[in-house]
There are 4 protein chains.
Amino acid sequence: MAIPREEKFQRILDAAIEAFAEVGYYQCQVSKIARLAGVADGTIYLYFKNKEDILVRLFQERMGDFIHDIRTQLKDCRSTQERLKAIIKTHFSYMEKNRSLAIVTQLELRQSDIKIRMAIGGPLKEYFKLIEEVIAEGIELGEVVPMDVRIARQLVFGSLDEATTDWIMARTQRTLLSEVDQMLFLFAGALRLQSKASGGENTPDDAS
Amino acid sequence: MAIPREEKFQRILDAAIEAFAEVGYYQCQVSKIARLAGVADGTIYLYFKNKEDILVRLFQERMGDFIHDIRTQLKDCRSTQERLKAIIKTHFSYMEKNRSLAIVTQLELRQSDIKIRMAIGGPLKEYFKLIEEVIAEGIELGEVVPMDVRIARQLVFGSLDEATTDWIMARTQRTLLSEVDQMLFLFAGALRLQSKASGGENTPDDAS
Amino acid sequence: MAIPREEKFQRILDAAIEAFAEVGYYQCQVSKIARLAGVADGTIYLYFKNKEDILVRLFQERMGDFIHDIRTQLKDCRSTQERLKAIIKTHFSYMEKNRSLAIVTQLELRQSDIKIRMAIGGPLKEYFKLIEEVIAEGIELGEVVPMDVRIARQLVFGSLDEATTDWIMARTQRTLLSEVDQMLFLFAGALRLQSKASGGENTPDDAS
Amino acid sequence: MAIPREEKFQRILDAAIEAFAEVGYYQCQVSKIARLAGVADGTIYLYFKNKEDILVRLFQERMGDFIHDIRTQLKDCRSTQERLKAIIKTHFSYMEKNRSLAIVTQLELRQSDIKIRMAIGGPLKEYFKLIEEVIAEGIELGEVVPMDVRIARQLVFGSLDEATTDWIMARTQRTLLSEVDQMLFLFAGALRLQSKASGGENTPDDAS
DNA sequence: AATGAATGAGGGTTCATTCAT
DNA sequence: CATGAATGAACCCTCATTCAT
């Protein structure tokens, strides 16, 4: 019985993630992806237009999942604090579960190559919009002090992103998830978060 | 009169920054750098061991300047708030004055290529240390709530870095420097900054 | 029907022999070999590690054949005189049949490049050993006056080699094989060869 | 006081011999010769037309000396045996005294590069002619059995040449000169040398 | 005459992509 | 669909030669 088309497509994507994570997009040879995927070099081109297409589809597929995950988590949240925590937790747990993908994200997200950025830009902007919506909603609800949502989003995303990069570079056993509460504490302070329920001050220890 | 050796070295570095910024390190041809620098291809190799050496020396030279600039600015600061503001201002103004270098930084800083990271890592770690020192000193002075300085540094650096990336990507006329006060306001909140002098609450508008 | 892998390997080797013979190893471009072999430049590298590997394998393959040929001829010889004649004949006829290879041999055999000499040295030493064995056996059999076999080998190999070089340089129609008997006459004299059967004196004309 | 022009010319030639001997003509960089000669790269071109010219002039100068040396030695010889011995001794002692030049000779003498061969060919042919003259004279004098002088010369030169190559490759302390008598013994046998004075048989031990 | 920084053509090698099987 | 041998354009780097000083 032949492997279904979809499965082989995913196998190649997974192989590409591993390969890109290890040596970066430009340094990675198509034949390496083929080897990791257990297919012939030529087979790659039955599923992808060219090397760049692999990277593009990779982001579309996997970032799409990620955004979808977060949106799902956000549905059950009742306050900005809960929503921020959901974002941090999902971001960190996703990166932790997909370390190689995380590496590729941190790496290639920055590519200045126009064509590549265009392709990656979509899902990322979607994520930015999501974060900004949460902040804007917080302001509307009076839970967040009025401020420039773009700059606030830069702080939120930049911090999560940098924490992830740090974690990748460190190569230690330290988990990202262990930092959720501390990151939330910082965000809460930055946004002057007022929990409607408690109204109390946030401290590093009661942030959960 | 011949161009002094040092000047030609700098000319090549500047050309490399432009070239790397435009297409990225791996996509950039040595001949492109030579053309931009107004020298022959072979001349490059009188000043640099190889292509990689250009990137490495570039970071060593220019990041060194950057760190030195910040340290100089910090000397005149009398509070953590002033120190944070100095970091933000210097970071933003340096990136704004060296847009191409900023692009290269955002781009290649993430490279997973071991050799490249080793070379870049030094100056960057120096910067991280500097930020962490400011935060730690703030805690000692009682101006910052006790917290994990590493995570706080991730927030500070990550936010500055993301703001810079955003600015690069936007390609608008908007200046980075116009965001200094708003970024400082966010940092002040995240760190629960207590200005010894006023002791009052920080607001988006009085952050200057 | 595709050309078998082995055949293409040999086609490239043959092309390399022609190319090296014409301009020498260092002056020869890989693309020239490719053109002569009727393959693309890159194809060379599917069969050989690099340019040097072509030269090395060339000697291993073809010198191996040569040594094997001589050993085969020696089996049917019943006297030192016959053995010497077999060596001269096989040496000359092989070089004559493989003029280009002969040129490469005369040329690159002398290379001082360590790596190349290491590769070529093997088969050549094998040939030296073979000649010395024949002389040593002749001494044991009482057919050759006791002497330093190394120096005698230098005379035998040196003379054959020089005759070959002469023939290559001359570019005339004169054949090498026509000199077999005269060369044998000289060797016989140098070694004071005693033909057990006749015991008579050798002359230039009865050397056959 | 400036170094006289002629001396600097010789310094460069000597440096070239060392350099060519070490890595071969094509592998040798002009800058290496300049360094060894203690002059600037550009200075080379004040004395030589180009790199090839260095090699050509080198052979013309030094081989000329060599031939001249041998001709001088031959003047005092009274028999073919003495003349052969003079050739062997002078050849070996010259190579031993000029090991690097010997290496270059063994190496580049074989170059098939037309232009180079043309230049080197002259002095070498002169040497061949000299050897052939000695043999022809020996035949005329009745000291050498009538034979093809070209082939006899191939044996003489080939043996000397191979002995030299062997010595170069061996890199041992063994001297070439220690082999003079044994080589003469072999030549005497090959040529059926009849010493008019003694008329006796030559043996390995009385060859002096 | 001497220098040595600068030049730029040239070549070995890689690797994304194709296509005959 | 799948293969993987073959392709050949592209690129980093070397080094013989030049020339302004």
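Chain A is the first sequence line, chain B the second, and so forth, proteins listed ahead of strands; every chain is numbered from 1.
Rounded to whole Å, atom P of dA2(E) lies 10 Å from atom CZ of R11(D). Summarising the geometry, the separation between CG on N50(A) and P on dT17(E) is reported as 5 Å, rounded to the nearest angstrom. The CD1 atom of I33(B) sits 17 Å away from the C1' atom of dT7(E) (whole-angstrom rounding). When the C1' atom of dA6(E) is taken as reference, atom CZ of F9(B) falls 17 Å away, rounded to whole Å. Note: OH (Y45(C)) to C1' (dG8(F)) measures 13 Å, nearest angstrom. As a whole-Å value, the separation of F20(A) CZ from dA16(E) P is 10 Å. In this structure, K49(D) atom NZ and dT18(F) atom P are separated by 11 Å, rounded to whole Å. The distance between atom CG of D41(A) and atom P of dA20(E), rounded to the nearest whole Å, is 18 Å.
A 4.5 Å side-chain heavy-atom check between R62(B) and D14(B) finds at least one atom pair inside the cut-off. Put simply, the side chain of E22(A) reaches to within 4.5 Å of the side chain of K32(A), judged on heavy atoms. Here the side chains of F9(A) and E61(A) are in contact, with some heavy-atom distance below 4.5 Å.
Base-pair partner of dT14(F): dA9(E) (Watson-Crick or G-U wobble, both distances under 3.5 Å). The pairing partner recorded for dC19(F) is dG4(E), the criterion being a Watson-Crick or G-U wobble arrangement whose two distances lie under 3.5 angstrom.
Listed nucleotides dG11(E), dA2(F), dA2(E) differ in distance to T43(A); the shortest reach to its side chain belongs to dA2(F). In the set dT3(E), dC12(F), dT17(E), the nucleotide with an atom closest to the side chain of K51(B) is dC12(F). Closest to the side chain of L46(C), from the set dA2(F), dA1(E), dT7(F), is dT7(F).
A residue-by-residue look at Q29(C) and I44(B) shows that I44(B) has its nearest nucleotide of DNA chain E further toward the 5' end. Remark on DNA chain F: of its neighbouring residues V39(C) and C28(B), the 5'-side contact belongs to V39(C), judged by nearest-heavy-atom nucleotide. The residue among V30(C) and G42(B) whose nearest nucleotide of DNA chain E is located toward the 5' end is G42(B).
With sequence neighbours left out, the salt bridge (charged side-chain N to carboxylate O under 4.0 Å, His left out) criterion links D53(B) to R57(B).
Between Y47(C) and dA5(F), a side-chain N or O to OP1/OP2 separation shorter than 4.0 Å is absent. OP1 or OP2 of dA2(F) lies within a sub-4.0 Å distance of a side-chain N or O belonging to K8(A).
Between Y25(C) and F20(C), the ring planes are perpendicular. Angles over 60° get that label, and only those under 30° would be called parallel.
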